[in-house]
Number of protein chains: 2
Amino acid sequence: MSDRTTMLNIATDLFWRKGYQATSMRDIQQALDLRPGSLYSRFQSKSELFEQVIVHYAEQILARLEQSALEKDGLEATRQMFIQELLKPEEQRYQRQCLLLNAMAESSKLEDRAAEALDDAMAKMLQGFIALAISLQQQNLLCSVTSVDKIGQWLQIQFVGLRNTAFVSRNDEDIVYFIDKLLIDLQHQWPHNG
Amino acid sequence: MSDRTTMLNIATDLFWRKGYQATSMRDIQQALDLRPGSLYSRFQSKSELFEQVIVHYAEQILARLEQSALEKDGLEATRQMFIQELLKPEEQRYQRQCLLLNAMAESSKLEDRAAEALDDAMAKMLQGFIALAISLQQQNLLCSVTSVDKIGQWLQIQFVGLRNTAFVSRNDEDIVYFIDKLLIDLQHQWPHNG
DNA sequence: GGGGCACCTGAACAGTTGTTCAATGGGGTG
DNA sequence: CACCCCATTGAACAACTGTTCAGGTGCCCC
């Protein structure tokens, strides 16, 4: 019927598209061709299901970032990663937003355990950006006095900011332009008091 | 009892803190010390109330940006604006997030008119950042070949990205550091193909 | 003081939500 | 064939939601 992985994938898709509260257990059951109650034999509650979706999502994005960190040409790999994540085609436009950020906007309705999972996921994503920063610095592409923690955090800031405009904007060329600006700034001067 | 402005302020606060769906009409009525039904003498529906909250919010942030655009020292004004908006004290930490972005994460549950108001509000905010960019360029602080539209959009990207980390991070000094980085990049080189 | 108007009240409605649970059915084992 | 185990079922529950409305209240103007 449906193994656990496809169940998680479909649930991830729905939560990503509509958000946590707007996605009902019945929506998920319908998408999986199950009857009400069946989901509860595999997941204790909606909250626990969402928790696993968050973990699942964070693993994927972390893998994506660590893969980029392995590439030879770090700058080009960074550019490609940004482009691929930000310029999702029209039918997947909802994926231009970040599921974790959307979840944070609804954090007041999350149970404690799901909120913790969300914090962990954010930390894991940051860790991925720091891995990318380490790779860039090892290739001598950056100013070496700035800490990789700062650079990783900065990359995440750029990523988050760009995701929003990429979601709203109707002009993908602009997004590419801002990615190029980002790559210039990445290699440029950083404040001293860090 | 409660004039329309304080009603809007309180509603804005609740929507900002908890989100659209998580805030019930009963929450708002309770915060205003009203009984169920009273709100409907002033607002047709929850959707219309939220619509006005969005307009109200957008006006405030636009005013804030246009005020910064009038200052003599544009760079310092920009810096102060970012600091003031991003480093809200602990008891108002929820204001570090952007109400408009949170609303966009829940856009699947918004009625058409509220969704339009949200689009307008986003456009208005962008217009504010462009006004700021115009002011900076008139003060000869920036490279003059880059269009003010691009610079305004870029400022908004930085603002959105920083808001998220400012909300999550427990270290305000980092935020100031990234604001300084932003001011360096603002005056630095921009890609040519714009 | 009387009339009208705007507001407020609070019970009630219909719809949706997450969740439960007794009944069901099918597949494997003796 | 008879037995048992376990996932599935789908009806039902309680809580919550936005919203309505007939009746009450208080205020202002004539």
Side-chain angles (χ1 to χ4, degrees), chain A residues 1-8 10-54 102-103 105-118, chain B residues 1-54 99 102-103 105-118:
Chain A
M1 179 119 313
S2 309
D3 60 317
R4 197 181 171 89
T5 314
T6 61
M7 292 176 82
L8 270 184
I10 296 226
T12 301
D13 227 60
L14 281 172
F15 282 129
W16 204 344
R17 210 184 284 268
K18 313 189 356 169
Y20 175 64
Q21 296 170 89
T23 304
S24 71
M25 290 300 262
R26 282 172 178 80
D27 288 337
I28 300 171
Q29 285 149 9
Q30 213 162 345
L32 287 165
D33 194 29
L34 293 177
R35 252 46 57 189
S38 302
L39 263 183
Y40 287 86
S41 60
R42 312 231 201 179
F43 301 97
Q44 237 179 18
S45 64
K46 183 186 184 184
S47 181
E48 194 221 330
L49 170 56
F50 190 59
E51 195 184 316
Q52 311 230 16
V53 161
I54 286 176
N102 287 2
E106 299 188 76
S107 58
S108 73
K109 276 288 184 180
L110 294 183
E111 315 263 313
D112 290 348
R113 289 204 43 180
E116 282 173 33
L118 184 54
Chain B
M1 179 117 313
S2 310
D3 61 316
R4 199 181 171 88
T5 314
T6 61
M7 291 175 84
L8 270 185
N9 281 335
I10 296 226
T12 302
D13 227 60
L14 281 172
F15 282 129
W16 205 343
R17 210 185 284 269
K18 312 188 0 170
Y20 175 64
Q21 297 171 88
T23 304
S24 71
M25 290 299 263
R26 282 171 179 81
D27 288 337
I28 300 171
Q29 285 148 9
Q30 211 161 346
L32 287 165
D33 195 30
L34 294 176
R35 252 47 54 190
S38 302
L39 264 183
Y40 287 86
S41 61
R42 312 234 202 176
F43 301 96
Q44 234 177 22
S45 63
K46 183 186 183 184
S47 181
E48 195 222 329
L49 171 54
F50 190 59
E51 195 184 316
Q52 312 230 16
V53 161
I54 285 176
L99 189 147
N102 288 3
E106 298 187 78
S107 58
S108 73
K109 277 287 183 181
L110 293 183
E111 317 263 313
D112 289 348
R113 290 203 43 180
E116 281 173 33
L118 185 53

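The figures here come from the full heavy-atom set of this structure, side chains too, leaving out hydrogens, waters and symmetry mates. Below, chains carry the letters A, B, ... as their sequence lines are ordered, and counting in each starts from 1.
- Computed from coordinates, the Lys109(A) NZ to dA15(D) C1' distance equals 11 Å when rounded to whole Å.
- You'll find the side chain of Glu48(B) stays beyond 4.5 Å of the side chain of Tyr40(B), heavy atoms only.
- Taking every heavy atom of residues 17-25 of chain A and every atom of DNA chain D, no pair lies under 4.0 Å.
- Ile28(B) places none of its side-chain heavy atoms less than 4.5 Å from the side chain of Lys46(B).
- Residues Asp33(B) and Arg35(B) are in side-chain contact: their nearest non-hydrogen atoms beyond the backbone lie under 4.5 Å apart.
- Neither OP1 nor OP2 of dC7(C) sits under 4.0 Å from any side-chain N or O of Ser38(B).
- The Tyr40(A) side chain lies nearest to dG18(C) when the options are dG18(C), dT9(C), dG18(D).
- In this entry the distance linking CD of Gln30(A) with C1' of dT9(D) reads 16 Å, nearest Å.
- Considering Arg113(B), Lys109(B), Glu111(B) in turn, Glu111(B) is the only one that fulfils the side-chain contact (heavy atoms from CB on, under 4.5 Å) rule with Ser47(B).
- Here the P atom of nucleotide dG25(C) and the CZ atom of Arg35(A) are 15 Å apart, to the nearest Å.
- Computed from coordinates, the Leu39(A) CG to dT17(C) P distance equals 14 Å when rounded to whole Å.
- Rounded to whole angstrom, the span from the CZ atom of Phe43(B) across to the P atom of dG18(D) amounts to 15 Å.
- One atom, CZ of Arg26(A), and another, C1' of dC13(D), lie 11 Å apart when rounded to the nearest Å.
- Counting any heavy atom pair closer than 4.0 Å across all strands shown, Ser47(B) reaches no nucleic acid atom.
- Rounded to whole Å, the distance from CG on Asp33(A) to P on dT8(D) is 12 Å.
- As a whole-Å value, the separation of Gln44(A) CD from dT20(C) C1' is 14 Å.
- Between Phe50(B) and Phe15(B), the ring planes lie perpendicular to each other; the angle is over 60°, past the 30° to 60° tilted range.
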**OP:** Show the numbers, then the answer: is there a side chain to side chain contact (heavy atoms under 4.5 Å, CB included) between Met7(A) and Leu39(A)?
**Re:** CA-CA 9 Å; Met7(A) 292 176 82; Leu39(A) 263 183; 3.4 Å; yes

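- OP1 and OP2 of dG18(D) both lie 4.0 Å or more from every side-chain N or O belonging to Ser45(B).
- Axis angle across the helix from dG1(C)-dC30(D) to dG30(C)-dC1(D), with five pairs used at each end and values rounded to 10°: 10°.
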